[in-house]
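So you know, we letter chains A, B, ... as the sequences are listed, proteins then strands, and number each from 1.
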Amino acid sequence: MKPAFKPLPREFFSRDPRTVSREVLGKVLVRKNRRNPLVARIVEVEAYLGADDAAAHAASGRTARNAVLFGPPGHAYIYFIYGNHYCLNVSCMPDRIPGCILVRALEPLEGMDEMATLRGITLDGTKNLKLLTRGPGRLAEAFGITREQDNGKDLTSAKSDLYIADDGAPPPEVAITKRIGITKSADLPLRYIIAGNNFVSAPRKLA
DNA sequence: TACATGATGCCCT
DNA sequence: GGGCATCATGTAG
């Protein structure tokens with residue numbers, strides 16, 4: 001593991017989710033409470049705007065489930081979907097304003113063996129590497145993320161066992177498309193991907 | 001208390 | 001390419 005993964009400051013997330021989405025691409029997600037650190041680069045995210053975004057969980061106001069979105073920025077909002085899958089979101093915007101980003105795909109950098117174990121698959125070749133962290137449900141499983149353990153966790157502190165950091169990589173080229181898997185406000189161009197990256201969850205037309 | 005539904009992934013064809 | 005598992009949450013009654 002490279003030295004000094006520096007966590008992003010809370011102010012980074014205290015902004016419009018669209019700005020955060022664009023700038024968080026190329027940063028790394030770090031998981032520490034394992035035998036070995038798990039590290040993967042963020043290559044695909046979506047922005048959810050809050051009150052004015054019909055597709056956002058926060059659109060209909062604060063509930064027990066989405067309370068984290070209404071709290072301070074830089075915290076993990078984990079929810080369970082389709083009876084099988086967890087998804088990792090990061091709260092954005094200042095306290096009480098419910099923006100967020102959804103992390104949709106990662107490029108594994110370190111700890112692939114353990115990710116494979118968590119996913120319940122074997123790594124036969126480079127092809128299977130994509131199966132580790134491509135898609136919101138998959139990456140959550142590969143990082144051992146559950147609502148019980150990780151919901152509300154501070155992602156801006158290296159003391160946290162789950163956080164987002166800058167590893168010094170140069171900013172990538174960003175492409176923008178429509179969001180995936182939603183029915184409301186489905187045409188808005190709020191999905192941000194690293195252009196040409198092989199680990200994004202699905203090829204889509206540019207918006 | 002009951003019901004409809006979803007920011008998905010897997011397996012079968 | 002399409003159907004389906006599977007359940008927490010929110011909303012209605």
Side-chain angles (χ1 to χ4, degrees), chain A residues 13 16-18 20-22 24-25 29 40 42-71 73 75-93 97-108 115-124 127-153 155 164 175-193 198-205 207:
Chain A
F13 298 99
D16 189 293
R18 286 162 289 203
V20 176
S21 293
R22 178 180 293 272
V24 82
L25 290 176
L29 182 67
I42 297 170
V43 301
E44 174 181 353
V45 298
E46 287 177 359
Y48 287 85
L49 306 182
D52 295 329
D53 181 358
H57 283 184
S60 54
R62 177 175 181 151
T63 66
R65 177 171 69 152
N66 65 22
V68 173
L69 298 179
F70 290 80
H75 287 251
Y77 167 50
I78 317 289
Y79 66 91
F80 194 59
I81 192 69
Y82 293 121
N84 303 334
H85 307 288
Y86 289 100
C87 294
L88 168 65
N89 300 249
V90 186
S91 61
C92 296
M93 300 293 281
I97 304 177
C100 73
I101 62 171
L102 165 67
V103 181
R104 287 193 53 87
L106 305 170
E107 176 179 348
M115 291 183 200
T117 301
L118 284 162
R119 289 272 297 108
I121 63 177
T122 55
L123 286 177
D124 287 339
K127 185 182 179 186
N128 279 348
L129 212 51
K130 293 179 185 171
L131 296 177
L132 288 179
T133 53
R134 189 174 68 175
R138 288 186 184 137
L139 74 88
E141 191 175 24
F143 269 67
I145 290 171
T146 65
R147 176 179 160 83
E148 293 73 28
Q149 285 185 120
D150 300 306
N151 191 50
K153 206 164 266 186
L155 300 178
I164 296 175
I176 302 175
T177 78
K178 296 176 186 177
R179 292 180 292 189
I180 293 183
I182 57 176
T183 55
K184 300 169 216 165
S185 303
D187 289 334
L188 297 178
L190 293 176
R191 175 171 174 251
Y192 297 74
I193 63 179
N198 290 325
F199 289 86
V200 300
S201 67
R204 290 292 150 124
K205 254 182 14 174

Q: Where do A/Val43 and A/Asn198 land on the side-chain contact (heavy atoms from CB on, under 4.5 Å) test, with the steps shown first?
A: CA-CA 9 Å; A/Val43 301; A/Asn198 290 325; over 6 Å; no
Q: For A/Leu131 and B/dC11, give me the distance from atom CG to atom P, rounded to whole Å.
A: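 Whole-Å distance recorded here is 11 Å.
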Q: Would you mind reading off the distance between A/Ile78 atom CD1 and B/dT8 atom C1', rounded to a whole angstrom?
A: 15 Å
Q: Please encode protein proximity along nucleotides 4-13 of chain C as a string of B, S and -, counting only heavy-atom distances under 4.0 Å.
A: -BBBSSSS--
Q: Look at the rings of A/Tyr77 and A/His57 and say which category their plane angle falls in: under 30° parallel, 30 to 60° tilted, over 60° perpendicular.
A: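 Perpendicular, since the angle between the ring planes exceeds 60°.
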Q: Mind calculating the distance between NZ (A/Lys184) and P (B/dA7) to the nearest angstrom?
A: 7 Å
Q: Identify, with sequence neighbours excluded, every residue that meets side-chain hydrogen bond (donor to acceptor under 3.5 Å, both in side chains) alongside A/Arg119.
A: A/Glu141
Q: Without decimals, in angstroms, what is the distance between A/Arg134 CZ and B/dG9 P?
A: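 Interatomic distance, CZ of A/Arg134 to P of B/dG9: 10 Å.
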Q: How would you list, by chain and number, every residue that makes a ring-ring contact (aromatic ring centres under 6.0 Å, His included) with A/His75, sequence neighbours excluded?
A: none
Q: Which whole-number value in Å describes the distance from A/Arg138 CZ to B/dG9 P?
A: 6 Å
Q: Do A/Tyr48 and A/Ile182 have side chains that approach each other closer than 4.5 Å (heavy atoms only, starting at C-beta)?
A: yes
Q: Please report the shortest heavy-atom distance between A/Leu88 and A/Ala76, naming the atom on each side.
A: CD1-CB, 4.1 Å
Q: Could you state the atom-to-atom distance from CG of A/Asn89 to P of B/dT8 in whole Å?
A: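 Those two atoms, CG and P, are 11 Å apart.
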Q: With the side chain counted from C-beta on, respond yes when A/Ile164 and A/Phe13 share a heavy-atom pair under 4.5 Å apart, and no when they do not.
A: yes
Q: Of the residues in residues 98-106 of chain A, which ones touch DNA chain B at a heavy-atom distance under 4.0 Å?
A: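 Within this stretch, A/Cys100, A/Leu102, A/Arg104 sit under 4.0 Å of the strand.
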Q: Verify side-chain contact (heavy atoms from CB on, under 4.5 Å) between A/Phe143 and A/Leu106, making sure each step is shown before the conclusion.
A: CA-CA 11 Å; A/Phe143 269 67; A/Leu106 305 170; 3.6 Å; yes
Q: Would you name the heavy atoms of A/Gly137 and A/His85 that are closest together and state the gap between them?
A: CA-CB, 4.1 Å
Q: Using OP1 and OP2 only, check whether a side-chain N or O of A/Arg191 sits under 4.0 Å from B/dA7.
A: no
Q: What I'd like to find out is whether the side chain of A/Glu46 reaches to under 4.5 Å of the side chain of A/Leu190, using heavy atoms alone.
A: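 Answer no - side chains too far apart.
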Q: Could you state the NZ-P distance from A/Lys130 to B/dG9, rounded to the nearest angstrom?
A: 15 Å
Q: With no hydrogens and no angle check, is any side-chain donor or acceptor of A/Asn66 less than 3.5 Å from a backbone partner on A/Gly61?
A: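 Yes, the answer is positive, given that a donor and an acceptor are paired below the 3.5 Å cut-off.
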Q: Between N or O atoms, less than 3.5 Å apart, protein on one side and nucleotides 2-5 of chain B on the other: list the pairs.
A:
none

Q: Can you check the A/Tyr86 OH to B/dT8 C1' distance for me, whole Å?
A: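 Value for this atom pair: 14 Å.
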Q: Can you spot which of A/Val45, A/Ile180, A/Leu139 makes a side-chain contact (heavy atoms from CB on, under 4.5 Å) with A/Arg104?
A: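 For A/Arg104, the side-chain contact (heavy atoms from CB on, under 4.5 Å) test succeeds with only one of A/Val45, A/Ile180, A/Leu139, which is A/Ile180.
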Q: Ignoring hydrogens and geometry, is there a side-chain-to-backbone donor-acceptor pair from A/Arg179 to A/Ala47 under 3.5 Å?
A: yes
Q: Any non-hydrogen side-chain atom of A/Leu25 less than 4.5 Å from a side-chain atom of A/Ile193?
A: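 Answer no - side chains too far apart.
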Q: For DNA chain C, what string of dots and brackets results from 5' to 3' when Watson-Crick and G-U pairs need both distances under 3.5 Å, crossing pairs get [ ], and pairs with another strand get |?
A: |||||.||||||.
